Amino acid sequence: MTLLAVRDLRKSYGALAVTDGLSLDVAEGELHAIIGPNGAGKTTLIAQLSGQLAPDSGSVTFDGTDITRTDMASRVRAGLARSFQITTLMPAMTALENVALAVQGRSGSSFRFWRPVAAEAALNDQAMTCLAQVGLADRADRPAAAMSHGEKRQLELAVALACRPRLLLLDEPLAGTGPQEAERLVALLEALKGQVTMVLIEHDMAAVFALADRISVLVYGQIVASGGPEEIRQDPAVRAAYLGEEAC
Amino acid sequence: MMRSTLSVFALCAAALPGLAAADPVKVGLLLTLSGPPAVLGEHARDGALLALKKLDGKLGGEAAEFLVTDAEGKPDIAAQKARRLVESDGADVVIGPIFSNIMAAIAGPVTEGGAFLLSPNAGPSVFAGEGCNPDIFVVSYQNDQPDQVMGEYASGAGYGSVVLIAPNYQAGMDHLGGFKRTYDGDITAELMTQLGQLDYSAELAQIAAYQPDAVYAFLPGGMGVNFVKQYQQAGLSGIPMMSSFTTDETTLPAMQDAALGMLSSGSWSPDLDVPGNAEFVDDFIAEYGRVPASYAAYAYDAVMLLDTAIAAAGTEDRDALREALRTVDFPSLRGKFSFGANQFPVQDFYLTEVVQRADGAYATSAKELVTADYVDAYADACTAE
Amino acid sequence: MSAAPKAAIALLILLALVPPAAAAIGDPFLTVIATRMAVFAIAALSLDLILGYGALVSFGHAAYLGLGAYAVAVCARHGITDLFLQMGAAALAAALFAAVSGAVSLRTRGIYFIMITLAFGQMAYFFFVSLSAYGGDDGTALAARSTLFGRAWLENDTAFFYMVLACLALAYGGLDRLVHARFGRVLTGTRESELRMRAIGYRPFRYRLAAYVLSGMICAVAGVLLANQTEYVSPAYMAWTRSGELIVMLLLGGVGTLAGAMAGALVTVGLEELLAGWSEHWRLCFGLILLAVVLWSPAGLTGLLRRLLAGGRR
Amino acid sequence: MANLFLLQLLNGAQFGILLFLVAAGLTLVFGIMDFINLAHGVLYMLGAYLMAMFALETGSFWLGLLLALATTLVVGLVLEWLVFRRLYDRPHLDQVLATFALMLILSEGVKILWGSAPLNVAMPELLSGSIPLAGPLRYPVYRIAIIVAGLATAAGLWWLIARTRAGMLLRAGASNRPMVAALGTDISRLFLLVFALGAMLAGFAGALVSPVLSVDPGMGDSILILTFVVIVIGGVGSVKGAFAGALLVGIVDTVGRIFGPIWLKLVMDPAAATQAGRVLAPMLVYLLMAAVLSWRPNGLFGRPS
């Protein structure tokens with residue numbers, strides 16, 4: 001069953017078409033990787049899928065509902081969460097607080113002025129679960145600003161998971177990590193497969209081909225090929241346009 | 001504060017054992033001494049200090065101490081400082097303020113604290129009529145009077161049409177209202193400008209288009225300087241300009257030639273032919289390097305009044321001192337001086353004109369007497385006591 | 001208990017000791033100064049909620065001080081003299097003004113927000129300048145202080161001071177709960193990263209607006225008390241320089257800590273009082289002190305204190 | 001009536017250009033270096049006071065102007081060196097506080113040096129007098145000089161920013177300092193010069209208006225807010241915007257004040273119109289600003305953030 005359907009999406013800045021009639025289907029449960037050379041429009045695509053950026057035309061349908069003009073917050077509540085390539089965590093808050101804030105966003109009103117939020121066991125328990133899921137349980141009380149880069153990437157994931165998404169948009173989760181950190185994160189994503197549908201944008205080809213159920217190749221704002229890892233690896237057009245220069 | 005209280009005790013103990021009245025008479029000078037209108041307060045302060053110097057630092061023969069305080073032009077701060085003067089520093093009399101809004105804010109704290117308030121400038125109508133207060137003496141004039149005098153003059157001079165101009169706020173309305181009360185010609189237009197307005201070219205164009213017989217302006221401080229300079233530059237010098245609180249010794253140094261011949265009214269001017277006035281003006285110039293404005297003269301008068309009254313009644317008996325302040329005859333720079341029932345002055349008003357003095361400085365000069373023994377319009381409503 | 005609430009409680013206790021101390025040394029005026037300190041501490045606390053926790057630099061906050069003050073004058077004119085009713089009216093008026101101006105202002109960011117709040121502050125200022133019924137530019141004197149349950153208890157300066165102190169304690173206590181509650185965490189989140197907040201399902205605008213309205217209401221209560229203290233109401237309360245002074249208090253004390261906001265107000269009012277008594281040109285000294293604080297102690301007095309304490313421990 | 005309306009439009013534009021003169025220096029510092037300088041108003045005041053002093057000392061308007069410009073330039077250099085360079089990387093709030101402090105220090109300093117009474121600056125012979133327009137209406141020559149000076153300043157600034165290497169580096173440096181520094185340019189020296197230039201422009205405006213306006217300790221305050229309004233309406237960082245904003249504010253303020261009550265009388269009864277006019281006139285420019293910002297949150301010509 002298709003969870004996310006993108007039809008003829010277009011976005012341009014002046015004469016430059018960053019998204020140029022893009023169509024894409026993401027099936028429920030799969031890990032769908034999007035690869036492409038720098039400047040292909042991957043981050044712009046994520047921004048439009050998450051609602052950060054409004055497309056000029058086209059449509060985005062999530063679970064049968066048209067969300068093209070829906071704002072970011074509503075999409076999150078509908079189950080469409082994202083992680084960021086450049087960390088946007090709350091630096092002054094602890095890891096636990098960062099995650100608990102995301103839990104709070106989907107559980108009950110935030111117009112509560114009296115009861116200390118730090119004492120809300122329900123929020124903290126769920127936040128701890130998410131932290132444990134990404135292997136940060138022992139870092140709960142550390143301020144985000146004081147964490148290592150790899151830990152920040154993990155926390156980034158934990159925050160996204162705390163939104164209980166049905167579809168997770170991952171914008172280069174491995175960017176800037178060392179080999180060991182990358183390995184741990186890949187294992188983490190592997191473990192998440194099946195629990196949550198994922199759209200993964202990533203430059204690390206080894207990780208992409210290890211993880212993805214399906215891969216779409218984005219070049220100049222258009223999907224030029226889509227298929228299983230083997231299919232993509234063999235596709236002559238893809239090899240010529242993209243892989244030829246970079247991976248193999 | 002602790003120190004000041006102790007020093008008072010020390011003074012009491014040291015001076016003439018047995019005579020409790022030996023501590024100095026304390027007079028608070030509560031004037032706006034900061035911000036753009038500071039110059040008005042400075043004139044009043046200097047006038048008062050000059051008077052004290054002339055009296056060898058004594059009031060009615062008793063040692064006196066002046067506590068100079070900045071009202072900052074902010075009513076809340078002025079009220080606070082008034083309380084400090086009266087409650088903490090033990091002032092018996094407060095001389096001040098310059099502005100009417102400050103007067104409304106400090107009148108309560110001063111009089112309820114048991115001190116007398118002597119105003120060297122502000123004379124708002126609230127304290128002239130029903131709201132008159134036996135502990136408040138206005139030594140200057142009632143606010144509306146200069147405008148009414150100008151209205152009378154304009155009628156008498158045969159100006160058939162006048163354009164009025166004032167900033168768009170309460171005092172502006174009040175002053176124009178004063179003029180309209182006594183002027184019987186046509187009001188061609190009332191131009192309301194903005195508080196602190198810089199550029200008057202639009203209003204000047206209106207005036208040029210209307211071609212009235214005369215213009216009447218109430219534009220105090222920097223607004224007046226801007227207007228007067230631009231008035232001359234716009235080539236309107238042919239239309240007589242009358243004003244109140246616009247062309248006086250505080251603004252003339254900045255207007256200079258542009259203001260020559262402009263008319264206003266007042267109960268005092270530096271060249272008023274009254275015993276002691278010339279000496280006061282010369283002393284003031286020698287001491288402070290500028291020609292005194294009315295604020296200085298009225299503050300000087302306030303101190304002289306206080307001196308004479310204390311000499312007559314002492315400071316121990318408040319009621320006696322109040323009565324002395326009301327009735328005593330003191331050497332005023334305005335010649336004859338007396339209080340009406342509301343404790344506002346009954347005095348002569350003159351038409352004044354801007355002239356250049358022999359020493360090159362610019363000043364107002366009394367040209368002709370317009371109204372003698374002028375009583376303000378509110379005095380009848382005062383039923384104090 | 002962590003350091004911040006301790007410091008705040010110490011400040012409150014210190015203030016509470018002023019009237020007996022003033023009586024002991026025979027200078028009742030100290031109580032008047034302490035009252036002013038407490039009033040401005042409430043205003044500074046209210047500004048800290050949006051500026052310190054929400055990173056919303058309002059340059060028109062004095063408008064709420066003025067709105068509160070005028071609420072007293074308007075109520076008194078219509079025969080409502082009860083302090084709590086007046087506070088209610090002030091809070092309501094402030095909430096309305098804040099809701100409208102906030103809805104427009106909060107669409108902008110950074111420098112534009114600073115300037116548009118300034119614009120709304122100026123609009124309020126000029127509105128009251130042209131309000132002839134209440135003296136316009138001159139303002140108007142109040143016949144008497146507000147009453148409590150029909151009694152004129154507040155005419156007594158000491159009683160009035162403790163009333164103000166109680167309001168300050170309430171404002172501090174309430175805001176301390178608030179910033180640690182769900183709402184406070186969300187507000188802090190919008191300060192740290194607006195994009196992240198949207199990405200985890202929040203719409204920052206509504207929380208910012210709520211904080212903005214609440215802050216205006218608290219500041220209006222401070223205005224009610226200010227009008228009562230001086231027994232005078234004037235547009236000068238909402239001049240833009242007054243808004244600047246509120247920011248100065250906050251920065252002097254340390255932004256984003258409630259105790260810092262209170263300390264900043266106390267120090268600013270105290271310093272003004274002290275310097276003004278010392279020299280006519282006290283603004284020069286005050287400016288130099290401010291400059292020194294910005295250049296050498298960016299986190300204000302609390303930052304300085306923290307550094308000194310840390311240095312001592314080392 | 002139509003003649004008068006056109007003349008008032010011209011008066012409004014002229015006031016706008018006067019505002020632009022003051023705003024020009026602020027646009028440089030505030031718009032391009034992203035630095036909030038509340039002390040700009042006092043620098044403007046300082047220019048006027050120096051002008052008053054030097055014109056009196058030398059007996060010449062032009063010599064006085066030259067000396068006033070040179071002195072404000074030096075003051076700008078000194079201030080940058082002592083204070084401002086420590087604040088570039090600080091949050092806006094710190095800049096507000098520091099320059100608020102400078103405002104207190106400088107205006108008190110001016111009062112100590114020159115007293116609080118307003119000063120006079122004589123108009124140069126060459127530029128005094130007025131030229132006749134239609135009927136009894138005349139236009140002062142000095143106003144024309146101000147318009148010319150304003151337009152020249154606008155053109156000069158535009159040229160500096162859009163056409164010179166310094167301007168290019170400045171624009172690049174404001175958005176990415178390390179990058180420009182890496183190119184081997186001494187960015188801090190560039191900022192020093194720009195800041196001094198901004199101070200000098202403020203001083204220039206002050207000196208230029210001194211024969212028409214009152215030179216007093218309050219002159220900086222009253223114009224500072226208006227210039228901020230101008231820049232914010234135009235859009236921070238745009239000289240074009242500042243120019244458009246200044247004209248808009250000048251025209252709206254002047255025309256609104258003069259014709260507002262007349263137009264209001266067309267739709268309501270005279271007493272109410274007078275009252276409404278009184279309340280609305282001083283708020284006009286602020287209403288304009290709120291309206292512009294709610295329509296375009298980054299000003300007319302501002303870049304989206």
Side-chain angles (χ1 to χ4, degrees), chain C residues 51-52 55 57 59-60 100-101 103-132 136 239-241 244-245 247-248 250-252 255 279-296 298 300, chain D residues 30-31 34 36 38 82-83 86-87 90-109 111-112 221 224-226 228-229 231-233 235-237 275-299 302 305:
Chain C
L51 199 156
V57 184
F59 209 158
V100 173
S101 67
V104 177
S105 309
L106 288 167
R107 290 167 43 86
T108 64
R109 286 286 161 279
I111 202 87
Y112 293 98
F113 182 79
I114 300 183
M115 289 302 144
I116 200 167
T117 48
L118 174 74
F120 277 109
Q122 291 291 93
M123 280 186 228
Y125 172 77
F126 284 116
F127 175 78
F128 285 104
V129 162
S130 50
L131 194 67
S132 314
W240 71 272
T241 44
E245 281 165 26
I247 296 181
V248 164
L250 215 52
L251 290 169
L252 209 53
V255 174
S279 160
E280 190 191 314
H281 300 295
W282 64 274
R283 279 183 190 78
L284 191 72
C285 313
F286 189 63
L288 287 171
I289 292 174
L290 277 187
L291 198 59
V293 171
V294 198
L295 291 183
W296 290 296
Chain D
F30 176 42
D34 194 28
I36 304 191
L38 291 182
L82 277 179
V83 180
R86 295 155 214 271
L87 294 167
R90 295 283 199 82
H92 281 149
L93 216 50
D94 284 4
Q95 300 171 353
V96 166
L97 185 63
T99 54
F100 191 81
L102 269 183
M103 204 171 95
L104 291 177
I105 296 169
L106 287 177
S107 37
E108 202 61 43
K111 263 186 69 185
I112 293 173
D221 280 9
L224 178 70
I225 299 291
L226 272 183
F228 272 117
V229 170
I231 289 175
V232 168
I233 285 180
V236 172
Q275 187 60 29
R278 281 192 50 206
V279 176
L280 282 177
M283 288 193 215
L284 260 183
V285 293
Y286 302 105
L287 283 171
L288 175 73
M289 172 161 146
V292 167
L293 287 192
S294 57
W295 168 52
R296 294 180 74 104
N298 295 297
S305 49

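Naming convention: chains lettered A, B, ... in sequence-line order (proteins, then strands); numbering from 1 in each chain. Nothing here was measured: the structure is a model prediction, and the numbers come from that model.
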Visitor: If we define contacts as heavy-atom pairs under 4.5 Å, which of C:L295, C:I111, C:L288 has the most with chain D?
Guide: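 Top count of heavy-atom pairs under 4.5 Å with chain D: C:I111.
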Visitor: Give, as side chain, backbone, both or neither, the part of D:V83 having an atom under 4.5 angstrom from any heavy atom of chain C.
Guide: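 It is both, since atoms from each part get that close.
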Visitor: Let's test your reading of the structure: which of C:A103, C:A119, C:S101, C:S132 forms the most heavy-atom pairs below 4.5 Å with chain D?
Guide: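 So the answer, after comparing C:A103, C:A119, C:S101, C:S132, is C:A119.
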Visitor: Pick whichever of C:L250, C:V104, C:V57, C:I116 has the most heavy-atom pairs under 4.5 Å with chain D.
Guide: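 Highest number of pairs under 4.5 Å: C:I116.
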Visitor: Check each atom of D:L280 against the heavy atoms of chain C and say whether the ones under 4.5 Å are side chain, backbone, both or neither.
Guide: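 Looking at D:L280, nothing touches chain C.
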Visitor: Which region of C:F113, side chain (C-beta onward) or backbone (N, CA, C, O), has a non-hydrogen atom less than 4.5 Å from a non-hydrogen atom of chain D, or is it both or neither?
Guide: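 It is neither, since no heavy atom gets under 4.5 Å.
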Visitor: Is the shortest side-chain heavy-atom distance between C:F120 and C:V100 below 4.5 Å?
Guide: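 Side chain of C:F120 against side chain of C:V100, heavy atoms only: no contact under 4.5 Å found.
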Visitor: Just give me the residue among C:I289, C:L251, C:L290 that pairs up with chain D most often, heavy atom to heavy atom, under 4.5 Å.
Guide: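 Top count of heavy-atom pairs under 4.5 Å with chain D: C:L251.
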Visitor: Top residue by heavy-atom pair count (under 4.5 Å) with chain D, among C:T241, C:I114, C:V293, C:L284?
Guide: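 Most pairs with chain D among the choices: C:L284.
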Visitor: What I'd like to find out is whether the side chain of D:Y286 reaches to under 4.5 Å of the side chain of C:L118, using heavy atoms alone.
Guide: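 Sidechains of C:L118 and D:Y286: no contact.
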Visitor: Given that the side chain runs from C-beta out, which part of D:L224 has a heavy atom under 4.5 Å from chain C: side chain, backbone, both or neither?
Guide: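 The answer is the side chain of D:L224.
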Visitor: Checking heavy atoms, do the side chain of D:V229, its backbone, both or neither come under 4.5 Å from chain C?
Guide: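 For D:V229, there is no contact with chain C at all, as no heavy atom is under 4.5 Å.
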Visitor: Quick one: CE on D:M289 to CD1 on D:I231, what's the gap to the nearest 0.5 Å?
Guide: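 So the gap between those two atoms works out to 11.0 Å.
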Visitor: Relative to chain C, which segment of D:L284 carries a heavy atom at a distance below 4.5 Å: side chain, backbone, both, or neither?
Guide: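 Neither the backbone nor the side chain of D:L284 comes within 4.5 Å of chain C.
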Visitor: Side chain from CB out, backbone as N, CA, C, O: work out which of these in D:L97 comes under 4.5 Å of a heavy atom of chain C, or both, or neither.
Guide: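 The answer is both parts of D:L97.
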Visitor: Under a 4.5 Å cut-off applied to non-hydrogen side-chain atoms, are C:V294 and D:L87 in contact?
Guide: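 They are in contact (side-chain heavy atoms under 4.5 Å apart), so the answer is yes.
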Visitor: Could you check which of C:G287, C:G110, C:S105, C:A124 has the highest count of heavy-atom pairs closer than 4.5 Å to chain D?
Guide: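 Looking at each of C:G287, C:G110, C:S105, C:A124 in turn, C:G287 comes out on top.
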